[in-house]
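These notes are about the structure you will find just below.
Index from 1, following the sequence. Only heavy atoms go into these numbers, but all of them, side chains included; no hydrogens, no water, no symmetry mates.
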Amino acid sequence: MLTIQKIDDTQVITAYINKNKLPDMAGHHQYMALYDGDALCGLGALSLVGTKVYMNLVHTSSGNAFNHSLAKALLNMADLRGIKTIYGSNLALSELYTALRFTKEKEEYVLRLEGYFTVACD
């Protein structure tokens, strides 16, 4: 069974990053993990850079199949924490940013979260 949850275990995070040869990220991060049972099979992060929050790490070991779900969980976590705008600058995630309705503004992608998770009901 697949689950997505917040993860704080720095040893597990570091091991996943090293195993998958992901870029080392400096700064303050909040991580979400994708698990298949007890096996960690995906990792995503929100990173505080200056006064902006970036979503530049979304990786699943099964390719891009579950990136969208992991990214939506990260966006939901940001929204619940009162973050109003998320930025992206990882060109490898361009298709994902577009699918999530980010807009391209100059050199980065931008998503305003106000109303993003609101569903109109009759």
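Of all the heavy atoms in Ala78 and Ile86, the pair that sits closest is CB-CD1, 3.7 Å. Between Leu100 and Ala71, the shortest heavy-atom contact is CD1-CB, 3.5 Å. Considering all non-hydrogen atoms of both residues, Asn67 and Val58 come closest at O-CG1, 3.5 Å. Between Ala73 and Met32, the shortest heavy-atom contact is CB-CE, 3.7 Å. Considering all non-hydrogen atoms of both residues, Ala33 and Ile7 come closest at CB-CG2, 3.8 Å. Residue Tyr54 comes nearest to Glu108 through the heavy atom pair OH-OE1, 2.7 Å, listed as atom of the first residue, atom of the second, then distance.
With a 4.5 Å cut-off on side-chain heavy atoms, Val110 and Thr85 count as touching. Contact annotation: the side chain of Arg101 approaches that of Tyr116 to within less than 4.5 Å [non-hydrogen atoms, C-beta and beyond]. Contact of the Leu111 side chain with the Leu113 side chain is registered, since non-hydrogen atoms from C-beta on lie closer than 4.5 Å. Considering only heavy atoms from C-beta on, Leu34 stays 4.5 Å or farther from Ser69 through its side chain.
Put simply, CG on Leu70 and CG on Leu75 are 10.0 Å apart, with the number rounded to the nearest 0.5 Å. Rounding to the nearest 0.5 Å gives a distance of 12.0 Å between CD1 of Ile13 and CG of Leu22. Atom CG of residue Leu48 and atom CD1 of residue Ile83 lie 8.0 Å apart, to the nearest 0.5 angstrom. Between the OG1 atom of Thr103 and the CZ atom of Arg112 there is a distance of 6.0 Å, given to the nearest 0.5 Å. The CG atom of Asp38 sits 12.5 Å away from the CE atom of Met1 when rounded to the nearest 0.5 Å. The CG atom of Leu43 sits 11.5 Å away from atom CD1 of Ile4, with the distance rounded to the nearest 0.5 Å.
Test Tyr16, Tyr31, Phe66 against His59 for ring pair (Phe, Tyr, Trp, His ring centres under 6.0 Å) and you get one pass: Tyr16. When the options Met55, His29, Arg81 are evaluated for a side-chain contact (heavy atoms from CB on, under 4.5 Å) with Leu46, the one that passes is Met55.
Without hydrogens or angle criteria, Thr60 side chain to Gly42 main chain gives no donor-acceptor distance under 3.5 Å.
Ring geometry, Tyr109 versus Tyr97: the interplanar angle falls from 30° to 60°, so the pair is classed tilted.
For CD of Gln11, the number of neighbouring non-hydrogen atoms (other residues, nucleotides, ligands) closer than 6.0 Å is 12 at most. Around atom CD of Glu114, no more than 12 heavy atoms belonging to other residues, nucleotides or ligands sit under 6.0 Å away.
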